[in-house]
Protein chains: 2
Amino acid sequence: MAENAADRGTTSGGRPTARPDLAAMVVPLGRALMAAEQPVLDAHGLTMWAYTVLLYLDETPVRTQAALAEAIRADKTRIIAVLDDLEARELIRRQPDPEDRRVRLLSLTTEGRRLRDAAQAAIQEGEERLLSRLPAADRAGFLRSLHTLSGLPELTARKPGRGPSRT
Amino acid sequence: MAENAADRGTTSGGRPTARPDLAAMVVPLGRALMAAEQPVLDAHGLTMWAYTVLLYLDETPVRTQAALAEAIRADKTRIIAVLDDLEARELIRRQPDPEDRRVRLLSLTTEGRRLRDAAQAAIQEGEERLLSRLPAADRAGFLRSLHTLSGLPELTARKPGRGPSRT
DNA sequence: TATTGTTATACTCTATAACTATA
DNA sequence: TATAGTTATAGAGTATAACAATA
C-alpha cells in the first residue's frame, strides 16, 4: 500500500498529489507503534497476543475461549498456547464451568491485572512522548479523529485479520 | 496489540483509561484502509506490492532493483515476481544498464503511469468519503498529525517490515 | 573478490481439518 | 447431533542461502 508515499507530499517525479494515500501513512505508523511497544512487552514478559488477551479480559470474566477469540479477532486455535502460558504463570484463571463442563471460564488474576496495568502504563508513557511532538490543537483533533474512524462500522466490518503479530 | 481497546474509552470492567493504546486504534484503522483499497486494486489488476512499486517508480527511473526494494521496505527477492509481471504487462520497463550490465534500470511506461494515476484517484476518492465523516477542524489536525508522525525519524527507523500484503 | 539479480530452500505465522469431551 | 476446546496438518507469505552473470 505504498508506504513510502508517506514521506512525500509530491512524487519523486514532481507530480503534485494533494496528499499521500491515507493507508500509506497510517499503516507504517501502526507498524512503528507496534515496534515501539515490543521492547516494553518484552520487558514485561508478554507477547503481543498475551497483552491483547490481558487487555480484553480486564476485570470481567469471559465465558468461552471462542468468544474471546472472536472479540480480539483471533482464530480460536491461535490463542490456546497463549492461554496455556498465561494460566501457567497464574496471570489468568481458566476454570471449567460447572454448569457446562465443555466451557472454560476465563478471568484475570490480581497479578495479571497488575502486570497488564504496568505494561499499559509504560506503553502509553512512550506514546505520550510521541504525541508531545504534535501541536496541542492538532493533537486533540488527531485523537478524536482516530477514535471516530476506529469506530466507523464500515471500517470495523469483521474479518479474521492477522492480529497483533508483527514479524 | 489489543485492537479491541479501540472501541472502548473505558475497559469492560469499568477501569477508566485516559485513552486506548494508540496502536490499538491506528493498526486496525490501517488494516481497514488496506482492505478498502483492495477492491479498487483488484479492479485495476494490481496487487498491493505492484501498486507500491508503481507509486514509487513514478516518473523517475530507479537504478537498481535492490534500491527499489530498500525504498519500499521489501526484500529484494520479494519484488522480482512483481517486476516480472509489471514488465510483461508493459507497465514498467526493465532495461539492462549499458554501463553496468548487472544493473536493471527501472522506469514507468506511459500506460503504467496512467494505471497508477487511475488507481490512486479511485483510492483517494474512497478515502475522502471517510474523511468527510470528520469535523472539518479535526480533519485538518488529523492529516497534519499523520504527516508529522509518519515523518518522525524515531518511527521511521528502517526495518525490513512485512510490507503491503494483508492476508 | 565483490555485486546485481535470480532461483531454491527453510522458517514463521496462520487457517483448516480432524479429534476428544461434554451436552 | 451439536458444541467447546484441543491437536495435527497444510497453506501463505516471507526471509535466508545458494547460484549465475558481470564487474
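Keep in mind that the numbers below use all heavy atoms, side chains included, and drop hydrogens, waters and symmetry copies. Note on naming: letters A, B, ... go to the chains in the order of the sequence lines (proteins, then strands), and numbering restarts at 1 for each one.
Two residues are said to be in side-chain contact when any heavy atoms from C-beta on lie closer than 4.5 Å; A:Arg101 and A:Asp97 fail this criterion.
For the pair B:Asp75 CG and D:dT14 P, the interatomic distance rounds to 10 Å; values are reported in whole Å. Put simply, CD1 on A:Ile80 is 8 Å from P on D:dG5, counting in whole angstrom units. Regarding B:Arg78, its CZ atom lies at a distance of 10 Å from the P atom of D:dT16, rounded to whole Å. C:dT6 atom C1' lies 12 Å from atom CG of B:Leu83, rounded to whole Å. Rounded to whole Å, the distance from CD on A:Glu87 to C1' on D:dT6 is 13 Å. Rounded to an integer number of Å, the gap from B:Arg31 CZ to C:dT14 C1' is 13 Å. Distance, B:Leu68 CG to C:dT4 P: 14 Å, rounded to whole Å. Spacing between atom CZ of B:Arg73 and atom P of D:dT14 amounts to 15 Å, rounded to whole angstrom units.
Applying the salt bridge (charged side-chain N to carboxylate O under 4.0 Å, His left out) rule to pairs touching residues 44-57 of chain A yields nothing, sequence neighbours excluded.
The two residues B:Pro98 and B:Leu105 make their nearest non-hydrogen contact at CD-CD1, 4.5 Å. A:Arg129 approaches A:Ser132 most closely through the heavy-atom pair O-OG, 2.6 Å. Residues A:Val103 and A:Arg63 approach most closely at CG1-O, 2.7 Å, considering heavy atoms.
The 5' end of DNA chain C is approached more closely, in terms of each residue's nearest nucleotide, by B:Gln65 than by the other of A:Thr77 and B:Gln65.
In this view, B:Arg133 and A:Glu154 satisfy the salt bridge (Lys or Arg N to Asp or Glu O under 4.0 Å) rule, not counting sequence neighbours. B:Arg104 pairs by the side chain to side chain donor-acceptor pair (under 3.5 Å) definition with nothing, not counting sequence neighbours. When the salt bridge (Lys or Arg N to Asp or Glu O under 4.0 Å) test is applied to B:Arg93, no partner is found at least two apart in sequence or on another chain.
Of the residues in residues 91-106 of chain A, A:Arg94, A:Arg102, A:Val103, A:Arg104 come within less than 4.0 Å of DNA chain D through at least one heavy atom, sorted by number.
Closest contact between the side chain of A:Ala66 and the listed nucleotides D:dG5, C:dT14, C:dT6 involves D:dG5. Of the listed nucleotides (C:dA15, D:dG5, C:dT6), C:dT6 has the atom at the smallest distance from the side chain of B:Lys76.
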Please lay out, stage by stage, how A:Glu127 and B:Arg19 fare under the test salt bridge (Lys or Arg N to Asp or Glu O under 4.0 Å). CA-CA 11 Å; A:Glu127 292 179 344; B:Arg19 55 170 177 76; 2.8 Å; yes

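Taken over five-pair windows at either terminus, the axes of the helix from C:dT1-D:dA23 to C:dA23-D:dT1 are inclined to one another by 30° (rounded to 10 degrees).
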